[in-house]
2 protein chains.
Amino acid sequence: MGLFLSTFINRVDKKGRVSVPAPFRAALAHESYQGVVLFPSYTQKALEGVGMAAMENMGARMDSQFAFFSDDHDELATVLFGESVQLNFDENGRIILPQNFIDFAGIDDQVAFVGLGQKFQIWTPKEFESRKNIARNSVTSKKVTLPKGVES
Amino acid sequence: MGLFLSTFINRVDKKGRVSVPAPFRAALAHESYQGVVLFPSYTQKALEGVGMAAMENMGARMDSQFAFFSDDHDELATVLFGESVQLNFDENGRIILPQNFIDFAGIDDQVAFVGLGQKFQIWTPKEFESRKNIARNSVTSKKVTLPKGVES
DNA sequence: TGGGATAGCATGGGAATCCATGGGAAGTCA
DNA sequence: TGACTTCCCATGGATTCCCATGCTATCCCA
């Protein structure tokens with residue numbers, strides 16, 4: 001299964017359309033639903049994106065983790081699913097960003113697609129520049145490393 | 001299988017009719033019964049909605065959890081099945097909200113359809129705004145999260 | 001190795017379709 | 001017969017589909 005890698009700057013036209021970078025689309029090519037799911041980040045001024053399979057996965061894990069009518073379930077689902085949107089690719093691989101998402105992230109006429117492995121983020125190019133520096137400094141100063149993992 | 005995602009505000013006309021958001025209908029398109037099952041939430045001032053398949057699923061789950069003639073079974077069944085109604089789509093994808101449901105949720109002329117993955121809820125837009133904030137705070141403060149691991 | 005051809009990709013605009021919404025007519029139950 | 005319900009049609013606006021274009025990177029062949 002494909003990963004979301006590297007950063008791409010694409011243009012947003014006046015209809016709110018953006019081309020999803022071809023490598024990101026390729027990472028989702030095997031999925032039945034051809035599109036992405038976007039939701040606002042809880043901590044940053046950015047949008048988060050995943051494929052539908054990852055979203056269904058979250059749903060399945062929630063069901064196994066919480067009782068179906070529990071408050072925990074409903075609250076988490078409200079935040080997770082209630083604020084997300086399903087956007088399918090048009091035939092040129094574009095999606096249409098909803099206006100409230102554009103406002104939330106402060107998007108003007110360009111966006112940066114940032115690959116984070118299992119998910120990706122959408123930033124304004126400007127915000128992302130400063131974000132990138134912060135992240136780099138934080139990682140080096142805190143000496144964040146990858147935990148040991150099992151080989152597959 | 002489709003998930004219920006994002007939030008849609010739709011209008012209720014004076015006959016009590018509401019368009020079910022097209023993406024929600026699409027999530028149920030593969031089911032044999034073209035409609036939804038609604039019942040009042042027993043913790044919140046909202047209506048809960050699922051597809052018929054999910055309803056049958058709950059019935060099956062109840063039977064495996066409780067003895068068939070136990071009080072627990074009957075009480076839950078009374079609330080869940082006794083208070084629920086089956087509403088089919090008209091040719092434009094609308095349902096008609098029963099008057100007692102409208103009263104219960106305090107619905108006026110607009111409702112918010114909130115996708116929660118496997119199910120959805122119907123709120124007045126106003127109530128939902130505060131509900132959304134409560135949910136967001138609760139999730140961040142209680143640190144309710146999904147278990148680690150995001151693979152498919 | 002250089003230049004032309006080709007294919008993939010990002011971008012733009014216009015047209016057709018879908019969708020939410022409203023009202024009215026026909027049918028049904030008391 | 002009256003009220004309520006269900007079906008059917010109309011409409012405006014938003015969204016999606018479809019076609020066109022330019023750019024760039026790759027490939028092929030001389």
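So you know, we letter chains A, B, ... as the sequences are listed, proteins then strands, and number each from 1.
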Rounded to the nearest 0.5 Å, how far apart are [atom1] of [X] and [atom2] of [Y]?
X	Y	atom1	atom2	result
B:F120	B:L38	CZ	CG	5.5 Å
B:I102	B:I122	CD1	CD1	10.0 Å
B:L3	A:M55	CG	CE	7.5 Å
A:F113	A:I9	CZ	CD1	10.5 Å

Taking atom [atom2] of [N] as reference, at what distance in whole Å does atom [atom1] of [X] sit?
X	N	atom1	atom2	answer
A:N10	D:dC23	CG	P	17 Å
A:L97	C:dT11	CG	P	12 Å
B:R25	C:dC19	CZ	P	6 Å
B:R11	C:dA20	CZ	C1'	11 Å

Using the rule that two of Ile, Leu, Val, Met, Phe, Trp, Tyr join whenever any of their side-chain heavy atoms come within less than 4.5 Å, decide whether B:L97 and B:F4 are in one cluster.
->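 As far as the 4.5 Å side-chain criterion goes, B:F4 and B:L97 are connected within one cluster.
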Under the side chain to side chain donor-acceptor pair (under 3.5 Å) rule, what pairs show up with a residue in residues 78-90 of chain B, not counting sequence neighbours?
->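 Passing the test, one end in residues 78-90 of chain B: B:D90-B:R94.
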N-O pairing of A:K132 and A:E129 below 4.0 Å |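 Looking at A:K132 and A:E129, the cut-off is met.
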Could you check A:K14 against A:S19 and say which one's nearest nucleotide on DNA chain C is further toward the 5' end?
->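 Result of the comparison: A:S19.
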For residues 17-29 of chain A, dump all side-chain donor-acceptor pairs below 3.5 Å to protein atoms at least two apart in sequence or in another chain.
{"unit_1": "A:R17", "atom_1": "NE", "unit_2": "A:D13", "atom_2": "OD2", "d": "2.8"}
{"unit_1": "A:R17", "atom_1": "NH2", "unit_2": "A:D13", "atom_2": "OD2", "d": "3.1"}
{"unit_1": "A:R25", "atom_1": "NH1", "unit_2": "A:V20", "atom_2": "O", "d": "2.7"}

Shortest non-hydrogen contact from B:L87 toward B:P98 |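 Heavy-atom minimum between the residues: CD1-CD, 4.2 Å.
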Contact list for residues 32-49 of chain B, test salt bridge (charged side-chain N to carboxylate O under 4.0 Å, His left out), sequence neighbours left out =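 Of all non-adjacent pairs touching residues 32-49 of chain B, those that pass salt bridge (charged side-chain N to carboxylate O under 4.0 Å, His left out) are B:K45-B:E127, B:E48-B:K119.
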To the nearest 10 degrees, how far apart in direction are the end axes of the helix from C:dT1-D:dA30 to C:dA30-D:dT1, each fit to five base pairs?
->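 End-to-end axis angle for the helix from C:dT1-D:dA30 to C:dA30-D:dT1: 40°, rounded to 10°.
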Going by number, which of residues 99-111 of chain A have a non-hydrogen atom under 4.0 Å from DNA chain D?
->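 None - not one residue of the stretch has a heavy atom sitting under 4.0 Å from the strand.
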Looking just at side-chain N and O atoms, do A:D103 and A:Q99 make a donor-acceptor pair shorter than 3.5 Å?
->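 The answer is yes; a qualifying pair exists.
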Footprint string (nucleotides 1-13 of chain D, 5' to 3'): B base within contact, S backbone only, - free, heavy atoms under 4.0 Å | -----BBBB----
